[in-house]
Amino acid sequence: MHSRLLSAPSHASAASSSPLPFAAAHPCRASWTPRPTSPPPPLSLLRATASMHPSPPPEGHSDQPVHGVTNTVVGVLGGGQLGKMLCQAASQMGVRMAILDPLEDCPASSVCHEHVVGSFNDGATVSEFAKRCGVLTVEIEHVDAVTLEKLEKQGIDCEPKASTIMIIQDKYRQKTHFSKFGIPLPDFVEVDTLSSIEKAGEMFGYPLMVKSKRLAYDGRGNAVAHDKKELSSVVASLGGFEHGLYVERWTSFVKELSVIVARSRDGSTVCYPVVETIHKDNICHVVEAPAEVPDKIKKLATNVAEKAIKSLEGAGVFAVELFLTQDNQVLLNEVAPRPHNSGHHTIESCYTSQYEQHLRAILGLPLGDPSMKAPASIMYNILGEDEGEAGFTQAHQLIERALDISGASVHWYAKPEIRKQRKMGHITIVGPSKYSVKARLDKLLQRDAYDPKKVKPRAAIIMGSDSDLPVMKDAAVVLKKFNIPFELTIVSAHRTPERMYHYALSAKERGLEVIIAGAGGAAHLPGMVASLTSVPVIGVPIMTSSLHGTDSLLSIVQMPKGIPVATVAIGNAENAGLLAVRMLASRDPELGDKATEYQHDLRDMVLEKAKRLEELGWEEYTELYLKKH
């Protein structure tokens, strides 16, 4: 096992040319400070054995007064991209990080305080590494959990607990554990012989999902048997029954969801918004936040996730992957006891990233606000498209395009080798709406422009009859001018009450943010719609032959308390469109800029007319500009 201190060397040490037997003379410490009488060598020379024979190293907790957030050294088993982003969050907080990873050039090695080169599956190495840490955590669950359990008995602080890691490591044990706590799961059963898996196929039907109990992730360790004849080959592809297998009933899901749950040392939890994960060849490829599912599904998913994590032990951030089925069930797929790919977007889109949250949780600090500070976000994994330099070239081209896209942030993991489907980095795009971030992703991927017919509308224009269209089209012109996706249709409060009822009830779930409703003589449509949805409604009084629209106007402004409906002048659908624009612009900076520019254009137009009037005089101005109208 080797260690490498990443503290910057002094000028004196930079001039040194002879290696120092650092581990033998001075114990390698995460809280290391250079000694004037024996300055440390350059970083390239700080490679010595990490056996701590001369004297026991100090514990990760310092007795010195706390300067900043904490003096506690956080030890992380694993130095991949998750470890790297943990270290980046720690750097911002001033938390010192020690990493144990077998690769000298692992992603986290460039940003941690100390990198110990060694296996996180070797009990002796983990035990020695733990001595220099105040708290020990993981960025990968495939670690030596037995050693962690022994360390806990010796008083070492491990978060989450070894019992949790053991449950998560074995997916069959994980499913058994959650089933005991009433967590909804796909049906599953252990198989250890050909006859038992054939029986499972008869019980669950085909296709049949066959899974390895251990070391299964990113699609590895899973295989599908489409019929009984394929069972033998599928079992063989997974290493045989001796490898440890179980099967699940095939789940026909409509979406895959994920919830990041943070649990503090006192057991309290906070949940991040539900996201949708989109996979490519069983590897997470795109994450959309928040998920476009009904509020009741978001609540159900959050409840399932929170209940699952409360059944485990220890503090930290956990990812709960879920299936949304066709009949609106939410089933738990699996849990990760660490930060997760589905939470990368939180770095840019949430008030507290999942990485900062993990550090807060394991250090006993107050949990941060998990809510989104951006209305919409999309995360795109940079997966290896080719081997070697060809793969790096393609990734670089993608990054170059990302740097030219508003709201895009690039994260490159700096892995030394690229392989097909390997996670090399990710790009997060934040924006004012799902439409906006998806359009930017299309630009990044050089796909055809977003098909307006497939875009979910943000606004709706409804009217009781097509006779209202000559008025209501003015609102459509405004929304189109501001590039706001909208739908326009006929919904009659009197002739199609069922349609109106279902339209209004589903408005929010379908993503509508504002509704412009034409109001005829009785003016029931705006008020009835407003009584059935929390989406803001703007009523447009329509000019009628009998009372010239005053009945419509008065009806709207006389809505009872608790059912607000905004309104405009009789027949002024254009203003209704502009009011809708301003409502949407309140949380859409780009749209706000466009609305401000529109106001400036109106001002400039008025000033130009005033200038002409003053220069020409009223008589010539009337002759030139008014008589023709």
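Atom CG of L553 sits about 10.0 Å away from atom CD of Q558, to the nearest 0.5 Å. Remark: S433 OG to I484 CD1 distance equals 9.5 Å, nearest 0.5 Å. Taking CD from Q357 and CZ from R360, the interatomic distance works out to 6.5 Å, rounded to the nearest 0.5 Å. In this structure, the separation between CG on L532 and CE on M500 is 5.5 Å, given to the nearest 0.5 Å. With rounding to the nearest 0.5 Å, the separation of OH in Y625 from CG in L613 is 10.5 Å. Between atom CZ of residue R263 and atom NE2 of residue H358 there is a gap of 13.5 Å, rounded to the nearest 0.5 Å.
Salt-bridge check for E385 with K280: passed, with a basic side-chain N closer than 4.0 Å to an acidic carboxylate O. At a threshold of 4.0 Å, the pair E292-K255 does not count as salt-bridged, since none of the basic side-chain nitrogens sits closer than that to a carboxylate oxygen. Taking a cutoff of 4.0 Å between a charged side-chain nitrogen and a carboxylate oxygen, E276 and K434 do not qualify as a salt bridge.
Residues satisfying the salt bridge (Lys or Arg N to Asp or Glu O under 4.0 Å) test with E248, not counting sequence neighbours, are K175, K211. With sequence neighbours left out, F178 forms a ring pair (Phe, Tyr, Trp, His ring centres under 6.0 Å) with no residue at all. Looking at residues two or more places apart in sequence or on another chain, you find a ring pair (Phe, Tyr, Trp, His ring centres under 6.0 Å) between H344 and H426. Shown here are the ring pair (Phe, Tyr, Trp, His ring centres under 6.0 Å) partners of Y503, two or more places apart in sequence or in another chain: there are none. Partners of R612 under the salt bridge (Lys or Arg N to Asp or Glu O under 4.0 Å) rule, at least two apart in sequence or in another chain, are E608. With sequence neighbours excluded, no residue forms a salt bridge (Lys or Arg N to Asp or Glu O under 4.0 Å) with E400. In terms of the ring pair (Phe, Tyr, Trp, His ring centres under 6.0 Å) criterion, F392 has no residue partners (sequence neighbours excluded). Scored by the salt bridge (Lys or Arg N to Asp or Glu O under 4.0 Å) test, R495 finds no partners at all (sequence neighbours excluded).
Within the structure, no pair that satisfies the salt bridge (Lys or Arg N to Asp or Glu O under 4.0 Å) test touches residues 524-538, not counting sequence neighbours. Sorted by first then second residue, the salt bridge (Lys or Arg N to Asp or Glu O under 4.0 Å) pairs that include residues 572-595, not counting sequence neighbours, are R440-E590, R458-D588, E513-R587. Pairs engaging residues 295-310 under the salt bridge (Lys or Arg N to Asp or Glu O under 4.0 Å) rule: D295-K508 [sequence neighbours left out]. Counting only residues at least two apart or in different chains, side chain to side chain donor-acceptor pair (under 3.5 Å) contacts with residues 365-374 comprise D369-S371.
Pairing each heavy atom of A301 with each of V259, the nearest pair is O-CG2, 4.0 Å. A pairwise comparison of heavy atoms in G368 and V270 identifies O-CG2, 4.3 Å as the closest pair. Shown here for A566 and L579, the closest heavy-atom pair between the two residues is CB-CD2, 4.1 Å. Closest approach of L512 to V535, counting heavy atoms only: O-CG2, 3.6 Å. Scanning both residues, C350 and M372, for their nearest heavy atoms gives SG-CG, 3.9 Å. I427 approaches V410 most closely through the heavy-atom pair CG1-CG2, 4.3 Å.
Within 6.0 Å of CH2 on W412 lie more than 12 heavy atoms contributed by other residues, nucleotides or ligands. Annotation: K480, atom NZ; neighbour count of heavy atoms from other residues, nucleotides and ligands within 6.0 Å does not exceed 12. Counting non-hydrogen atoms of other residues, nucleotides and ligands closer than 6.0 Å to CD of Q92 gives a total of 12 or fewer.
No hydrogens or angles considered: a donor-acceptor pair under 3.5 Å links the side chains of N341 and N381. Defined by atom type and a distance below 3.5 Å, a donor-acceptor pair is present between the side-chain atoms of E348 and H411. Side-chain atoms of S268 and S264 include a donor-acceptor pair closer than 3.5 Å.
Put simply, the side chain of Q354 never gets that close to the backbone of T346: no donor and acceptor are under 3.5 Å apart. In this structure a side-chain-to-backbone donor-acceptor pair under 3.5 Å is present from T567 to G539. Between the side chain of S91 and the backbone N or O of Q88, no donor-acceptor pair lies under 3.5 Å. T277 places no side-chain N or O within donor-acceptor distance of the main-chain N or O of C284, the cut-off being under 3.5 Å. Q81 contributes no side-chain N or O that, together with a main-chain N or O of P107, makes up a donor-acceptor pair within less than 3.5 Å.
Between S377 and T428, some side-chain heavy-atom pair lies under the 4.5 Å cut-off. By the 4.5 Å heavy-atom criterion applied to side chains, R510 and E487 are counted as neighbours. At a threshold of 4.5 Å between non-hydrogen side-chain atoms, the residues L616 and L624 count as touching. Looking at M463 and I542, their side chains never come closer than 4.5 Å, going by heavy atoms from C-beta outward. Looking at heavy atoms from C-beta onward, I461 lies in side-chain contact with L479 at the 4.5 angstrom threshold. At least one side-chain heavy atom of Y355 sits under 4.5 Å from a side-chain heavy atom of L86. R499 has its side chain within reach of T489: a pair of non-hydrogen atoms, C-beta onward, lies under 4.5 Å apart. Residues L359 and L365 have side chains not in contact (no heavy-atom distance under 4.5 Å, counting atoms from C-beta outward).
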| query | I278 and E256: side chain to side chain contact (heavy atoms under 4.5 Å, CB included), yes or no, with the steps? | reply | CA-CA 7 Å; I278 300 166; E256 292 185 82; over 6 Å; no
| Stepwise side chain to side chain contact (heavy atoms under 4.5 Å, CB included) check, N333 with L322 | CA-CA 5 Å; N333 179 24; L322 306 157; over 6 Å; no
| task | Give the C-alpha distance, both sets of side-chain angles, the deciding distance and a yes or no for side chain to side chain contact (heavy atoms under 4.5 Å, CB included) between Y598 and L578. | result | CA-CA 10 Å; Y598 178 84; L578 290 170; 3.6 Å; yes
| When you look at L331 and L185, which way does the side chain to side chain contact (heavy atoms under 4.5 Å, CB included) test go after all the steps? | CA-CA 5 Å; L331 306 179; L185 302 159; 5.9 Å; no
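Between C271 and the options T302, I309, N303, a side chain to side chain contact (heavy atoms under 4.5 Å, CB included) holds for only T302.
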